[in-house]
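Computed from heavy atoms alone, side chains included, the values below leave out hydrogens, waters and symmetry copies. None of these values were measured; they are calculated from a predicted model.
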Protein chains: 2
Amino acid sequence: MSLRPGIAFLADCPALLAMEIIASKWSMVTLFALTDGPLRHGELVELSGGISRKVLTQTLRRLQANGLVERQAYAEAPPRVEYSLTDLGRTLEEPIRMLTAWARENGEAVVTFREAAQAARAGSVNRTV
Amino acid sequence: MSLRPGIAFLADCPALLAMEIIASKWSMVTLFALTDGPLRHGELVELSGGISRKVLTQTLRRLQANGLVERQAYAEAPPRVEYSLTDLGRTLEEPIRMLTAWARENGEAVVTFREAAQAARAGSVNRTV
DNA sequence: TCCGAAGGTTACCTAGAGGTACCTGATAGC
DNA sequence: GCTATCAGGTACCTCTAGGTAACCTTCGGA
């Protein structure tokens with residue numbers, strides 16, 4: 001890992017750890033959904049607007065393995081399973097709230113910029129070729 | 001926009017937009033590194049502790065395309081290129097700071113939990129087979 | 001004349017995220 | 001008996017993020 005001191009702000013790297021946990025497309029979405037309270041598998045699928053059941057399961061397993069989410073299975077039929085944030089998971093509520101708030105406030109600006117840039121690229125291609 | 005109140009928080013989905021921007025392994029790291037001021041390509045490579053030059057370029061291009069990062073090239077030899085946050089990019093400073101602060105405070109707990117869980121899995125395998 | 005520095009690009013490869021489709025297994029309703 | 005529900009598991013596929021290694025360009029210096 002070559003910790004050259006002074007440089008290495010990222011070698012021990014809180015940011016990398018955060019990314020490792022969060023950087024799958026659906027982790028944050030799932031955690032966010034759970035901030036309101038426990039949810040069942042099926043509810044999470046509906047809420048997340050697009051996640052497949054397989055991927056939701058994978059995501060939950062990963063979050064479980066990191067101690068952020070708890071799984072409560074009830075021996076009923078049909079089976080009932082509830083997922084909730086652990087205490088550790090709840091410490092992520094604030095950062096997640098900030099990120100989604102940021103997205104709500106600035107999402108439009110990003111999309112606008114992106115489309116303008118694409119249009120510019122397309123235009124310059126048309127003109128220069 | 002289908003805001004079924006309570007349900008559809010993800011249908012138009014600020015969280016998904018946030019993830020789209022952030023969820024590459026190095027985007028947050030790069031943005032975080034730039035919060036202290038403009039940096040050159042080579043400086044970013046060193047600071048980020050592990051990113052390859054190719055991937056850094058890709059990451060910067062993507063951030064540029066989303067309007068979060070600016071590229072300033074100076075016509076010198078050898079060439080000098082500086083990257084900095086745009087105004088829009090600077091609006092992400094706070095959320096990123098919160099996430100990295102979270103990682104700094106809770107990273108150890110996550111790693112501890114993960115290792116304990118792995119040990120438990122390994123143990124149960126040894127015993128039950 | 002060749003080398004090195006800076007900031008790339010390109011070709012090629014791998015791992016894994018994410019998706020679809022279909023299977024299980026217990027029960028409840030018809 | 002047949003079917004639906006719920007929470008998965010499994011097989012199989014694709015796509016892309018990320019990595020390595022090599023090459024390019026421009027200049028100043030030995």
Side-chain angles (χ1 to χ4, degrees), chain A residues 1-2 7 10-11 13 15-31 33-34 38-66 69-84 121, chain B residues 10 13 15-31 33-34 38-66 68-84 114 121:
Chain A
M1 285 269 179
S2 92
I7 295 273
L10 285 169
C13 205
L16 268 182
L17 175 67
M19 289 325 297
E20 200 182 307
I21 290 169
I22 280 177
S24 95
K25 189 174 166 191
W26 296 106
S27 293
M28 267 229 343
V29 174
T30 306
L31 288 170
L34 289 175
L39 287 173
R40 305 178 59 174
H41 187 91
E43 293 171 330
L44 278 166
V45 168
E46 278 188 72
L47 278 173
S48 304
I51 193 170
S52 70
R53 298 189 318 126
K54 191 200 82 166
V55 172
L56 175 59
T57 301
Q58 285 176 354
T59 304
L60 288 167
R61 292 287 174 278
R62 192 168 37 230
L63 294 174
Q64 244 185 295
N66 285 318
V69 159
E70 248 167 3
R71 187 187 126 107
Q72 251 296 353
Y74 300 88
E76 306 172 357
R80 187 160 62 95
V81 182
E82 279 188 355
Y83 296 92
S84 55
R121 256 199 307 285
Chain B
L10 285 170
C13 206
L16 269 182
L17 174 66
M19 289 323 298
E20 201 183 304
I21 290 170
I22 278 176
S24 94
K25 187 172 165 191
W26 295 107
S27 293
M28 267 227 346
V29 174
T30 306
L31 287 169
L34 288 175
L39 287 174
R40 306 177 60 173
H41 186 90
E43 293 170 329
L44 278 166
V45 168
E46 280 187 74
L47 277 174
S48 303
I51 193 172
S52 70
R53 296 189 315 128
K54 191 202 83 166
V55 173
L56 176 59
T57 300
Q58 283 177 354
T59 304
L60 288 167
R61 292 288 173 278
R62 192 169 38 231
L63 294 174
Q64 243 186 298
N66 284 319
L68 301 172
V69 159
E70 250 166 4
R71 188 187 125 109
Q72 253 293 355
Y74 299 89
E76 306 172 354
R80 186 160 63 93
V81 181
E82 277 188 356
Y83 295 92
S84 55
R114 184 154 47 186
R121 257 200 308 283

| query | In the 5'-to-3' direction, what one-character label does each nucleotide of nucleotides 1-6 of chain D receive under the scheme B = base within less than 4.0 Å of a protein heavy atom, S = sugar-phosphate only, - = no such atom? | reply | ----BB

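Between A:Leu60 atom CG and C:dA17 atom P the separation is 14 Å, expressed in whole Å. Atoms CG (A:Leu56) and P (D:dG8) sit 8 Å apart, rounded to a whole Å. Straight-line distance from the CZ atom of A:Arg62 to the C1' atom of C:dA17: 8 Å, rounded to whole Å. Across the protein-nucleic acid pair, B:Glu43 atom CD and C:dA5 atom C1' stand 14 Å apart, rounded to whole Å. Following rounding to the nearest Å, B:Gln58 (CD) and C:dT10 (P) show an atom-to-atom distance of 11 Å. Going from atom CG of A:Leu44 over to atom P of D:dG8 covers 10 Å, rounded to whole Å. Per the geometry, CD1 belonging to B:Ile51 stands 14 Å off P belonging to C:dG7, to the nearest Å. If you take OH of A:Tyr74 and C1' of C:dA26, they are 19 Å apart, rounded to a whole angstrom.
Residue B:Arg61 places its side chain closer to C:dT9 than to any other of D:dG18, D:dG9, C:dT9. If you check C:dG19, D:dG18, C:dG7 against the side chain of B:Val55, the one that comes closest is D:dG18. Residue A:Tyr83 has its side chain nearest to D:dG8 when only D:dT20, C:dG18, D:dG8 are considered.
Side-chain N/O atoms of B:Lys54 and base N/O atoms of D:dG19 include a donor-acceptor pair closer than 3.5 Å.
Considering only heavy atoms from C-beta on, A:His41 stays 4.5 Å or farther from A:Val81 through its side chain. The shortest distance between side-chain heavy atoms of A:Tyr83 and A:Arg40 does not fall below 4.5 Å. By the 4.5 Å heavy-atom criterion applied to side chains, B:Leu34 and B:Leu63 are not counted as neighbours. Side-chain contact check for A:Arg62 versus A:Ser24: some heavy-atom pair is nearer than 4.5 Å.
Scored by the salt bridge (charged side-chain N to carboxylate O under 4.0 Å, His left out) test, A:Glu82 finds A:Arg80 as partners (sequence neighbours excluded).
B:Ser27 and B:Thr30 are not linked by any side-chain donor-acceptor pair at a separation below 3.5 angstrom, with hydrogens and angles left out of the test.
The side chain of A:Ser52 places no N or O atom within less than 4.0 Å of a non-bridging phosphate oxygen (OP1 or OP2) of C:dT20.
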Side-chain donor-acceptor pairs of residues 53-61 of chain B under 3.5 Å, sequence neighbours excluded:
from: B:Thr57; atom 1: OG1; to: B:Arg53; atom 2: O; distance (Å): 3.0
from: B:Thr59; atom 1: OG1; to: B:Val55; atom 2: O; distance (Å): 2.8
from: B:Arg61; atom 1: NH1; to: B:Gln64; atom 2: OE1; distance (Å): 3.4

